Number of protein chains: 2
Amino acid sequence: MSNNEKFYKSEVDFLRDYNPDDFEKLSLTTDILIFSVSSDTQRNYRKLPKKHFSVLLVKRGTYPFKNKWCLPGGFVGIKENLEEAARRILLNETNIDNVYLEQLYTFGQVDRDPRMRIVSTSYMALVDQKKLKGNLSENAAWFDITITEKGSNMKVALKSDQEKMEFVVEKKLKDESSFNYSYIVVENERLAFDHPLVISTGIDRLRNKIEYTDVVFNMMPEYFTLGELQLVYETILGERLLAPAFRRVIKDKVEKTDMIKKGGGHRPSVLYKYKSDH
Amino acid sequence: MSNNEKFYKSEVDFLRDYNPDDFEKLSLTTDILIFSVSSDTQRNYRKLPKKHFSVLLVKRGTYPFKNKWCLPGGFVGIKENLEEAARRILLNETNIDNVYLEQLYTFGQVDRDPRMRIVSTSYMALVDQKKLKGNLSENAAWFDITITEKGSNMKVALKSDQEKMEFVVEKKLKDESSFNYSYIVVENERLAFDHPLVISTGIDRLRNKIEYTDVVFNMMPEYFTLGELQLVYETILGERLLAPAFRRVIKDKVEKTDMIKKGGGHRPSVLYKYKSDH
DNA sequence: CTAATAGTGTCTATTAGACAGTATGTT
DNA sequence: AACATACTGTCTAATAGACACTATTAG
């Protein structure tokens, strides 16, 4: 009997059917990374309001990580699907529903929670911030994100009306032959758990997906100008784009309306809406 | 006190710190989707051996799903990281190590295991099949994959030396504005659990990643001809590629050696190897 | 010689980048 | 008038697709 045969006859099937002490049950949570793009209040009547890429954080009231900020999250019920749990928590904490949500990654480092073993499946939500306004709890706040990359390090500065904080993660290739990497937290004072990793992973995912999908329209109001849309792309990608090229690429995804946005100290702009059938 | 304030003061923090009955612990497993590309034994001295995209499955010896096939997998230890668990199981069941491995997706449907609530984080491994040969257990077998897509349905035919089976899944968009979709199993006789979903998700991921990363080289031997490499791409993508275009795109990723592969009834071919620094 | 793959050259079509130039609002 | 954005046209560069053509082996 070979070593492998022995294994298959015992361990695989064994593990499927039994639950020995080594494999005791663990807790599963879900954390929701809610991204949106917010606008500055307009200072100069000529200029377009500056846009900020932002994330919703919640201040913890109890230990561990008391007074630190974290992503909204909670335990997955024993009879609850993962995405259902994420939507329940999202609805409870932000009062919104029917939002774009996708599974991001499952974080399972043994020591990621100081209390006990907790594995967390994170979800990424993309919202139009106006749908939430006025409903935020005292403990929740939007933080504008500013990303600075130097070498393999990424510094993420977070700024709300009240607070400023930042963390630094290092992007580390796990495999030289692919874009398979993970992040390591280099600096972090104010964020709870391994949430810097979740945020970094989400930024990465969004920056990728914005290039080949239409997810960005989940962060837009129903009607928008192409200038505003371009600003959102620029804000998320962290780079300037050339308007003619942007318009060429985006033109099949949007539909002109007969509405026009006036009021800026410049030529008025046609309002567009998302065209899903193309 | 607003509804939201009430919520934040209670539920978020409550859930973090307590473990009420509704949120009892659950079992976490990992399933490993092992892909490789195998070659037919050569029948015509002129023709290149045909290549097959294949997956490693294990036959279950016990209930539930007795005598059905499944992906190798097992429970995650309470003090074991997710990827560590995947590597442990991979090593035990296939006797290989140092293999390309990436987290694929976490499947958590409440009813995915008939015994109890089990959430599974799947990993995808890419291997060169020659490294495994001779070590396979009786219960394990490579299945060649043939994919037929019609409309939103994908039929996956699996064929080993001994057995043939197939399943059909439907690709369903979850969000009209993105490529965020999930699969639904339409037909499945012989595969255990929700493993048709895992396989479909993995095929998708691999087909995507092969276009913008170098993952494919994890499935290649150290030295290979460009014709063989092209065949692997064609096998995984399920479409023919034009040789001049393929060579143009691939040329920066490979390095010519001074070795030559002779023996076919045709012009000999230069052997290349992967060049990671480009 | 033949069948089969190896490998190159080149034309064309498509897409991306760059920039100039015109248009039209508000103050 | 001045500024700021809206919007278009066009040149160029880079990339992808198609196909013809040459090279070289085993049998």
Side-chain angles (χ1 to χ4, degrees), chain A residues 39-51 208 210-212 220 223-235 237-273 278, chain B residues 37 39-51 207-208 210-212 220 223-235 237-273 278:
Chain A
S39 296
D40 264 352
T41 46
Q42 207 166 338
R43 288 185 206 153
N44 179 330
Y45 80 94
R46 285 191 187 284
K47 292 216 171 186
L48 282 181
K50 202 177 166 192
K51 293 205 180 287
N208 264 311
I210 204 178
E211 303 270 20
Y212 67 94
M220 300 297 296
Y223 302 106
F224 48 83
T225 70
L226 294 187
E228 286 164 353
L229 184 60
Q230 183 176 338
L231 257 183
V232 171
Y233 269 87
E234 290 174 341
T235 301
L237 294 174
E239 60 181 357
R240 300 304 312 275
L241 304 175
L242 291 169
F246 179 77
R247 278 158 190 264
R248 251 188 330 234
V249 170
I250 214 74
K251 71 171 185 298
D252 290 335
K253 300 184 174 184
V254 294
E255 203 179 323
K256 208 178 221 170
T257 71
D258 49 8
M259 288 177 283
I260 285 175
K261 186 177 185 180
K262 295 189 179 190
H266 50 75
R267 178 172 168 179
S269 178
V270 172
L271 283 165
Y272 286 76
K273 63 177 184 179
H278 62 272
Chain B
V37 174
S39 296
D40 264 351
T41 46
Q42 206 167 338
R43 288 184 206 157
N44 180 330
Y45 82 96
R46 285 190 187 285
K47 293 213 171 186
L48 282 180
K50 202 178 165 191
K51 293 206 180 286
R207 282 184 166 178
N208 265 312
I210 205 178
E211 304 268 20
Y212 68 94
M220 299 299 294
Y223 302 105
F224 49 83
T225 71
L226 294 186
E228 288 164 351
L229 184 60
Q230 185 178 336
L231 258 181
V232 171
Y233 270 88
E234 290 175 341
T235 301
L237 294 175
E239 60 181 358
R240 301 303 312 275
L241 304 174
L242 292 170
F246 179 77
R247 280 160 187 262
R248 254 190 325 235
V249 169
I250 213 74
K251 70 172 188 298
D252 290 335
K253 300 185 174 183
V254 294
E255 202 177 325
K256 210 178 222 169
T257 71
D258 49 10
M259 289 176 282
I260 286 175
K261 187 178 186 180
K262 294 190 180 191
H266 50 76
R267 178 172 169 179
S269 178
V270 173
L271 284 165
Y272 286 76
K273 63 176 185 179
H278 62 269

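Please read all numbers here as calculations on a predicted model, not as lab measurements.
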Give the rounded distance in Å between these two atoms: [atom1] of [X] and [atom2] of [N].
X: A/Arg247; N: C/dT22; atom1: CZ; atom2: P; result: 18 Å
X: B/Lys50; N: C/dT5; atom1: NZ; atom2: C1'; result: 18 Å
X: B/Phe224; N: C/dA6; atom1: CZ; atom2: C1'; result: 16 Å
X: A/Leu229; N: D/dC7; atom1: CG; atom2: C1'; result: 15 Å
X: A/Tyr45; N: D/dA2; atom1: OH; atom2: P; result: 13 Å
X: A/Lys251; N: D/dG9; atom1: NZ; atom2: P; result: 12 Å
X: A/Phe246; N: D/dT5; atom1: CZ; atom2: C1'; result: 15 Å
X: B/Leu241; N: D/dC19; atom1: CG; atom2: C1'; result: 16 Å

### Query
For residues 257-267 of chain B, which residues have at least one heavy atom under 4.0 Å from DNA chain C?
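Correct list: B/Gly265, B/His266, B/Arg267.
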
Any side-chain heavy atom of [X] sitting closer than 4.5 Å to one from [Y]?
X: B/Gln230; Y: B/Ile250; value: no
X: B/Tyr233; Y: B/Leu241; value: yes
X: A/Glu228; Y: A/Lys51; value: yes
X: A/Thr225; Y: A/Leu271; value: yes

### Query
Within the structure, does a side-chain N or O atom of A/Thr225 lie under 4.0 Å from either OP1 or OP2 of D/dT5?
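Answer no for this pair, as no side-chain N or O of A/Thr225 is under 4.0 Å from OP1 or OP2.
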
### Message
Counting the atoms with a prime plus P, OP1 and OP2 as sugar-phosphate, which does A/Leu226 contact under 4.0 Å by heavy atoms, base, sugar-phosphate, or nothing?
### Response
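Answer is nothing: A/Leu226 stays at 4.0 Å or more from every strand.
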
### Task
Please tell me which of B/Lys256 and B/Leu48 maps to the more 5' nucleotide of DNA chain C, matching each residue to the nucleotide holding its nearest heavy atom.
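That would be B/Leu48.
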
### Message
When you measure only distances, ignoring hydrogens and angles, does the side chain of A/Arg46 come within 3.5 Å of the base of D/dA2 through a donor and an acceptor?
### Response
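By the distance-only test, yes, there is a pair.
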
Let me confirm one number: the [atom1]-[atom2] distance from [X] to [Y], rounded to the nearest 0.5 Å.
X: A/Glu255; Y: A/Lys273; atom1: CD; atom2: NZ; result: 5.0 Å
X: B/Leu231; Y: B/Leu226; atom1: CG; atom2: CG; result: 11.5 Å
X: A/Tyr223; Y: A/Ile260; atom1: OH; atom2: CD1; result: 14.5 Å
X: A/Tyr272; Y: A/Met220; atom1: OH; atom2: CE; result: 13.0 Å
X: A/Glu234; Y: A/Leu229; atom1: CD; atom2: CG; result: 10.0 Å
X: B/Leu48; Y: B/Arg46; atom1: CG; atom2: CZ; result: 12.5 Å

## Note on the structure
Once base and sugar-phosphate atoms are separated, protein heavy atoms under 4.0 Å mark nucleotides 10-20 of chain C, 5' to 3', with B, S and - as B-----BBBB-

### Task
Using Watson-Crick or G-U wobble geometry with both distances below 3.5 Å, tell me the partner of D/dG27, or none.
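When the pairing criteria are applied, C/dC1 turns out to be the nucleotide that pairs with D/dG27.
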
### Query
Of the non-hydrogen atoms in B/Lys262 and B/Pro268, which two are nearest, and what is the gap between them?
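B/Lys262 and B/Pro268 have their closest heavy atoms at CG-CB, 3.8 Å.
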
Enumerate all atom pairs, one protein N or O and one N or O from nucleotides 12-15 of chain D, separated by less than 3.5 Å.
none

